[in-house]
Novice: 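The structure is given below, and queries will be raised subsequently.
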Amino acid sequence: MSLLRERTGGVEVLRLDRPEKRNALDTATIRALVDALTSVREDDEVRVVVLSTTSTAGLCAGADVGEQLDDAGGVARMEAFAALYEAVELVPVPTIAVCVGSCVGAGAEIAAGCDLRVAGDNLKLAWAGARLGVPVGPARLTQLVGLSRAKELVYTGRPIGGEEAVALGLATRVVPADEAEAAALELARALCAQSAPGLRTLKTMFRDLEGTTARIAHENELLVDFQRHGAGLPQG
């Protein structure tokens, strides 16, 4: 099992569990995440979702390039990634990412797709799209840090640490890596004390007013087209 689920009160915790891969995502794990996030949408008892990891080495190191896929399998995995990004966007309650260690590529996208982020002091957050030719990053990052800074981070792909993430407004705080999940759960419990209908309404308002659903849908189309007709993701 590469994804562990735990419910504590109204907080749903989803922990990626592929420590030997720094939680790099293969097709099966992507689909497990999509299924979990889809089920959350249908559960009125969920107040907050925390996306975390069983290892502080990384929330997610991106796609598992060691997964052996033929052309059709590569397209199917990219379609699964698109479904994952959409699923993160459509969660109707606040989402919190535990950003520790490697948060690269798909990991950075998951983190940016969440409403709030807690950073570990070992964070290496990076968008690797420009290096790999993958058209991903602008849909989410621009609205979080502004156009100029988003271009710099996406074009260069340079990693940023916890302190810089806080300075850019990407993270609410930075803590020792082994305390990051606890800090995220503390934040989640604080949100659970708020009005549940109010938070769901505000979540919808943020999504609609910022047009994030349409932005992500457009980027997803480009991602799948890149896999189908372009170079595609590298294979190990």
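Counting from 1, the numbers follow the sequence of the chain as shown.
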Novice: Of all the heavy-atom pairs spanning E210 and R215, show the shortest one and how long it is.
Specialist: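 In terms of heavy atoms, the two residues are closest at O-CD, 3.9 Å.
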Novice: Is the closest side-chain heavy-atom distance between P92 and T204 below 4.5 Å?
Specialist: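 Side chain of P92 against side chain of T204, heavy atoms only: no contact under 4.5 Å found.
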Novice: List for me each residue that meets side-chain hydrogen bond (donor to acceptor under 3.5 Å, both in side chains) alongside T27, sequence neighbours excluded, and say none if there are none.
Specialist: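 T27 satisfies side-chain hydrogen bond (donor to acceptor under 3.5 Å, both in side chains) with E67 once adjacent residues are dropped.
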Novice: Might you work through the side-chain contact (heavy atoms from CB on, under 4.5 Å) test for L37 and V88, ending with a clear yes or no?
Specialist: CA-CA 7 Å; L37 292 168; V88 172; 3.7 Å; yes
Novice: Hey, does the side chain of S39 reach the backbone of A36 with a donor-acceptor pair shorter than 3.5 angstrom?
Specialist: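 Yes.
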Novice: Taking only residues two or more places apart in sequence, or in another chain, which ones meet E219 in a side-chain hydrogen bond (donor to acceptor under 3.5 Å, both in side chains)?
Specialist: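 So E219 forms a side-chain hydrogen bond (donor to acceptor under 3.5 Å, both in side chains) with R140.
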Novice: Work out which heavy atom in R207 is nearest to a heavy atom in V91; give both atom names and the distance.
Specialist: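 Scanning both residues, the minimum pair turns out to be NH2-O, 3.1 Å.
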Novice: Measure the CD-OG1 distance between E86 and T213 for me, rounded to the nearest 0.5 Å.
Specialist: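 One gets 8.0 Å once the value is rounded to the nearest 0.5 Å.
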Novice: Check side-chain hydrogen bond (donor to acceptor under 3.5 Å, both in side chains) between R15 and all other residues, then give those that pass, not counting sequence neighbours.
Specialist: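 Residues passing side-chain hydrogen bond (donor to acceptor under 3.5 Å, both in side chains) with R15: E6, E181.
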Novice: Looking at side-chain heavy atoms only, is the closest gap between M78 and L233 below 4.5 Å?
Specialist: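 Yes - at least one pair of side-chain heavy atoms lies under 4.5 Å apart.
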Novice: Name each donor-acceptor pair under 3.5 Å that joins a side chain in residues 166-178 to protein atoms two or more places apart or in another chain, with its distance.
Specialist:
{"from": "T172", "atom 1": "OG1", "to": "R117", "atom 2": "O", "distance (Å)": "3.3"}

Novice: The test is side-chain contact (heavy atoms from CB on, under 4.5 Å); show your working for Q227 and L223 and say whether it passes.
Specialist: CA-CA 6 Å; Q227 188 68 43; L223 272 171; over 6 Å; no
Novice: A side-chain contact here means heavy atoms from C-beta on lying under 4.5 Å apart; do R18 and D26 qualify?
Specialist: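 R18 vs D26: side chains touch.
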Novice: Working to the nearest 0.5 Å, report the span between CG of L25 and CD1 of I30.
Specialist: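 Those atoms lie 5.0 Å apart.
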Novice: Does the side-chain contact (heavy atoms from CB on, under 4.5 Å) test come out yes or no for L16 and T29, once each step is laid out?
Specialist: CA-CA 8 Å; L16 290 167; T29 306; 3.8 Å; yes
Novice: Using the rule given for side-chain contact (heavy atoms from CB on, under 4.5 Å), can you reason through L59 versus N23, listing the C-alpha separation, both sets of side-chain angles and the distance that settles it, and then say yes or no?
Specialist: CA-CA 6 Å; L59 174 62; N23 293 326; 5.7 Å; no
Novice: Not counting sequence neighbours, which residues clear salt bridge (Lys or Arg N to Asp or Glu O under 4.0 Å) with R31? List them please.
Specialist: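 With sequence neighbours excluded, R31 shows a salt bridge (Lys or Arg N to Asp or Glu O under 4.0 Å) to no residue whatsoever.
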Novice: Are any non-hydrogen side-chain atoms of I110 and L84 less than 4.5 angstrom apart?
Specialist: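 A side-chain contact exists here, since the closest heavy-atom pair is under 4.5 Å.
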Novice: Check side-chain hydrogen bond (donor to acceptor under 3.5 Å, both in side chains) between T38 and all other residues, then give those that pass, not counting sequence neighbours.
Specialist: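 For T38 there are no side-chain hydrogen bond (donor to acceptor under 3.5 Å, both in side chains) partners, ignoring immediate neighbours.
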Novice: Considering only heavy atoms from C-beta outward, does the side chain of L116 approach that of P94 to under 4.5 Å?
Specialist: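 No; the side chains remain at least 4.5 Å from each other.
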